[in-house]
Amino acid sequence: MEARLLLVRINSVLQFVLIFLTIIRSYVHASTTGQAGYVDKYITKTYFEKHDSLIDPEFDNFIANEIPLTLCKVLEDGNCVLPTLSNLHRSVIGEGSHRHLSSSIIFKFQPELKIKLVAHSCEVIMTERLPSGVFADPFELQHLVQRGVFSDAAVFGDTNLELPSFRSNRSVVEIHMSIGSKMLSRHHDKFEINCEVPLHARYPPLGLGFSRVEFGQPDLFMCCSLEVNGFKRSCAYLPTNNISDYKASPLAWEIPCGIREHAGVVSAITYCFALVSALLIVVLSFCYTDNKGSSKPKSL
Amino acid sequence: MLGISFQSLFIFSALFRVFLIIYGEWQDANMEVRYTDVDYFVFSDAATLMASGKSPYERSTYRYSPLIAFLLMPNSFLHQTWGKFLFSASDLLVGLLIQRILKLRGVPEKLCTYSTMVWLFNPFTFTIGTRGNCEPIICSMILWILTCLMNGHVLQAAFWYGLVVHMRIYPIIYALPIVLLLDPRHFQPGKKPVLVEWSSRTLKPSSATSSSKTSTTQYIWNFCINMITWRRVMFGIISASTFFVLTGLSFHLYGWDFLHEALLYHLTRTDPRHNFSIYFYHIYLHYEHEFSILEKLISFLPQFIVQLVLISRFALDLPFCLFLQTLAFVAFNKVITAQYFVWFFCLLPLILPWSNIKLVWKGLACIILWIAAQTNWLAWAYLLEFRGKNVFFQLWVASLLFLAANTFVIMNTICSHLYSPLFQQLKQGGKLKQGYER
């Protein structure tokens, strides 16, 4: 009898321990998964959930330390042989207040990697930290996504389309470009991605004629999805510093600005012109006679 | 002159608008430059948000009454062109109402048709609805209010007036002339107001009524002494109630977002970006600091003076007064965009039968000067916006020239107008005064 009671108690304790261990295990698993990390749909979104505005050192720190860059682990590639950047050519094309920031990116890769990258729906994600003075229209980008130019695009930060630059903050454009079809159709060890992001100039602060806006380097990531994780994906950072010629000639955009010296003259003449026009109408209205009934009427 | 029936013209206009809508869909799908106005996508997105139970103000740059989004909800479940068909139908309704108003005033059929053609075949107007801009709805409501007043339906006019001011703020400038017109000498119990016929514009005013200059002064004097009449009070109560009920309901549903985007934004709007207004460069040059109260008052003074004088001089000839007020309001406004032109284009056909202006050459001079001033501005704006040249100063000078052209048009319109009060004066007992000698 006592032996039976003892066995029941031991059984209960064992069950309790098992349940407890199961709970602990799932917690550890979750923690491990969180640490191993998957990136949400948009990399930049996480930054702006924690920060109010774009500050370069903070964004650098965010990329270096807060984005789980676990693509190699997920691909089970012990050597972590990912495509490497061979060339990055950047330019601002167009004229006036509406231009395109063009990036031509050439990757080199091991041929045996091709199948894996295509199978995992890999894409290149480019985050462009826009300087103060230019902005991207999120609705325009969505239109491009609908037309298939990008696989996805979003703008984070200050998305106000109307304020001048001295009343607005910076923003980040995130562009997603699928590489599957590009890889299959290209040479066996290289492929090229061209990206043109439409940008618009804000009204700059007053100056002497033109305001200069300079672009920095984009941040490039290779991200791949595993079906089981849905939108969550694993990424690897692709450094650009060592291959571009950014330091030699920074990318710049000259935007016409109002000339401060005009202020006095423009204000005075604007007020006077409006007043004179108004007075002309007023004087004529009072001088208007209503003896038009005797005037020759319009003939049909 | 060709004998063209209004019915044929109307059917042709309708078919042409249908064609433009279909063409617009093709262009949007196949060309990089879209036919559809960017505002239409704003309306559609706002309507989609509303259809899914969200606030339309989650759509950035949606700055209209939620009623517009409500009207466009079928865009999301019927077809994306529903809104364009609705706006184009309103555009055609404006044409019908122009015809009706002119006929009520006894304008001959042919002149009615020619005047209506000025609206139906104006490139501004047939593109604005088909591109997806909502202004034709506002224009049709303004003309409907005029029709109601002409038929003596004051309370109905008041309701629509409250509604149109809720949807677009600018018709608030019509309040004073309408209230002036609700004079007991025009509206008497149990009687429709009597319209002054178009044919009487050839007659001299009699000494009994004296000149209309004095009449207007008399009306204003009478208004100041006897401003409180039951019609004016009812018009005020019903229009204000309609406005506040709709505004209150919108505020209840969408909060401060609605109030800020749909109302306060328009009341306080100062846009430093280039537009037709002479004030744009002045605002940009001073955008880094706030304007003083004095500076704001000085900017507002020309607009205020012109509106007051036009009302005091021409209120009794209501369509003419509304046209001048609207044209002046747009010309002196701090922000002018091309869609504002439709506000006075819909009123232009209502005054043409009373204008002495000869198309050759005075009329053509007005048209050419106005278009040339606009084209000049557009050319400099193109250099600034699409070529990146620093031509702010030249663009500002072009905006001065555009104001000069608008002033020229206003002055010529006044000079060549055959003043004709909308209503005849009634004696006590409803009898007509001897207004005009025959």
Side-chain angles (χ1 to χ4, degrees), chain A residues 94-99 138-140 143 147 159-164 166-167 201-203 205-206 209-210 253-260 262-267 269-271 273-298 300, chain B residues 38 41 45 60-61 108 110-111 200-205 211-213 271-273 278-279 281-282 284-288 298-299 301-303 305-306 309-310 313-314 328 331-332 353 355-356 384-393 396 400 403-404 406-407 410-411 414-415 417-419 436:
Chain A
E95 286 183 288
S97 303
H98 314 286
R99 301 192 188 189
F139 304 105
E140 186 179 18
H143 181 61
R147 285 178 53 213
T159 54
N160 190 300
L161 309 178
E162 296 168 333
L163 289 175
F166 41 92
R167 290 271 179 100
R202 295 188 186 281
Y203 263 39
L206 303 178
F210 288 88
W253 181 351
E254 300 276 342
I255 303 169
C257 63
I259 298 171
R260 202 178 292 275
H262 288 168
V265 168
V266 166
S267 299
I269 294 178
T270 300
Y271 287 139
F273 207 92
L275 214 54
V276 165
S277 301
L279 285 173
L280 282 172
I281 295 170
V282 164
V283 166
L284 185 66
S285 298
F286 280 112
C287 294
Y288 173 83
T289 59
D290 58 323
N291 291 336
K292 301 295 184 183
S294 56
S295 305
K296 195 175 173 186
K298 182 194 291 295
L300 294 175
Chain B
V38 68
F41 298 110
D45 291 346
S60 162
T61 71
K110 217 185 248 184
L111 200 46
S200 65
R201 83 209 185 287
T202 60
L203 306 170
K204 291 182 185 178
S211 69
S212 64
K213 177 181 170 183
D271 202 334
R273 293 172 301 166
I278 59 171
Y279 293 103
Y281 197 25
H282 162 73
Y284 176 30
L285 291 169
H286 293 86
Y287 211 70
E288 287 168 350
I298 295 173
S299 305
L301 204 60
Q303 177 78 277
I305 292 171
V306 166
V309 168
L310 290 175
R313 294 295 292 124
F314 304 114
F332 286 94
S355 178
N356 245 349
L384 172 67
E385 191 169 338
F386 296 99
R387 286 284 181 255
K389 308 290 181 197
N390 191 323
V391 291
F392 278 106
F393 192 84
W396 167 69
L400 293 177
L403 176 61
N406 279 307
T407 307
I410 291 172
M411 291 171 70
I414 293 172
C415 283
H417 183 71
L418 294 166
Y419 184 86
Y436 290 89

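What you see below is based on every heavy atom in this structure, not just the backbone, and it leaves out hydrogens, waters and symmetry mates. Remember, predicted model here, so these are calculated numbers, not experimental data.
- Put simply, of B:Leu403, B:Val38, B:Leu301, B:Ile305, the one with the most heavy-atom pairs under 4.5 Å next to chain A is B:Leu403.
- Nearest heavy-atom pair across A:Phe210 and B:Gly388 is CE2-O, 3.4 Å.
- Contact between B:Tyr284 and A:Cys257 at its shortest, heavy atoms only, is OH-CA, 3.6 Å.
- Inter-residue side-chain proximity for B:Phe392 and A:Ile259 is flagged as unmet; no heavy-atom pair is nearer than 4.5 Å.
- For B:Ala404, the parts lying near chain A are the backbone and the side chain together; criterion is any non-hydrogen pair under 4.5 Å.
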For this session: Apply ring-ring contact (aromatic ring centres under 6.0 Å, His included) to A:His262 and B:Phe393, showing your working.
Result: CA-CA 8 Å; A:His262 288 168; B:Phe393 192 84; 5.0 Å; yes

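- In this structure, B:Leu418 and A:Tyr288 approach most closely via the heavy-atom pair C-OH, 4.1 Å.
- Top candidate by heavy-atom pairs under 4.5 Å with chain B, chosen from A:Ile269, A:Ile255, A:Leu279, is A:Ile269.
- Side chains of A:Ser267 and B:Leu285 form no contact here, defined as non-hydrogen atoms less than 4.5 Å apart.
- Of the atoms belonging to A:Tyr203, heavy atoms from both backbone and side chain fall under 4.5 Å from chain B.
- Residues B:Leu400 and A:Phe273 come closest through the heavy atom pair O-CE2, 3.2 Å.
- Here the side chains of A:Ile281 and B:Leu310 are in contact, with some heavy-atom distance below 4.5 Å.
- For chain B, no part of A:Pro138 is nearby; none of its heavy atoms comes within less than 4.5 Å.
- Heavy atoms only, all atoms of each residue included: A:Thr270 and B:His282 are closest at OG1-CB, 4.2 Å.
- The part of B:Asp45 that comes within reach of chain A is its side chain, from C-beta onward, which places non-hydrogen atoms under 4.5 angstrom from that chain.
- In terms of heavy-atom proximity, A:Ala274 sits nearest to B:Tyr279 at CB-OH, 3.5 Å.
- Residues A:Ser97 and B:Phe386 have side chains not in contact (no heavy-atom distance under 4.5 Å, counting atoms from C-beta outward).
- A distance of 10.5 Å separates NE2 in B:His286 from CZ in A:Arg260, rounded to the nearest 0.5 Å.
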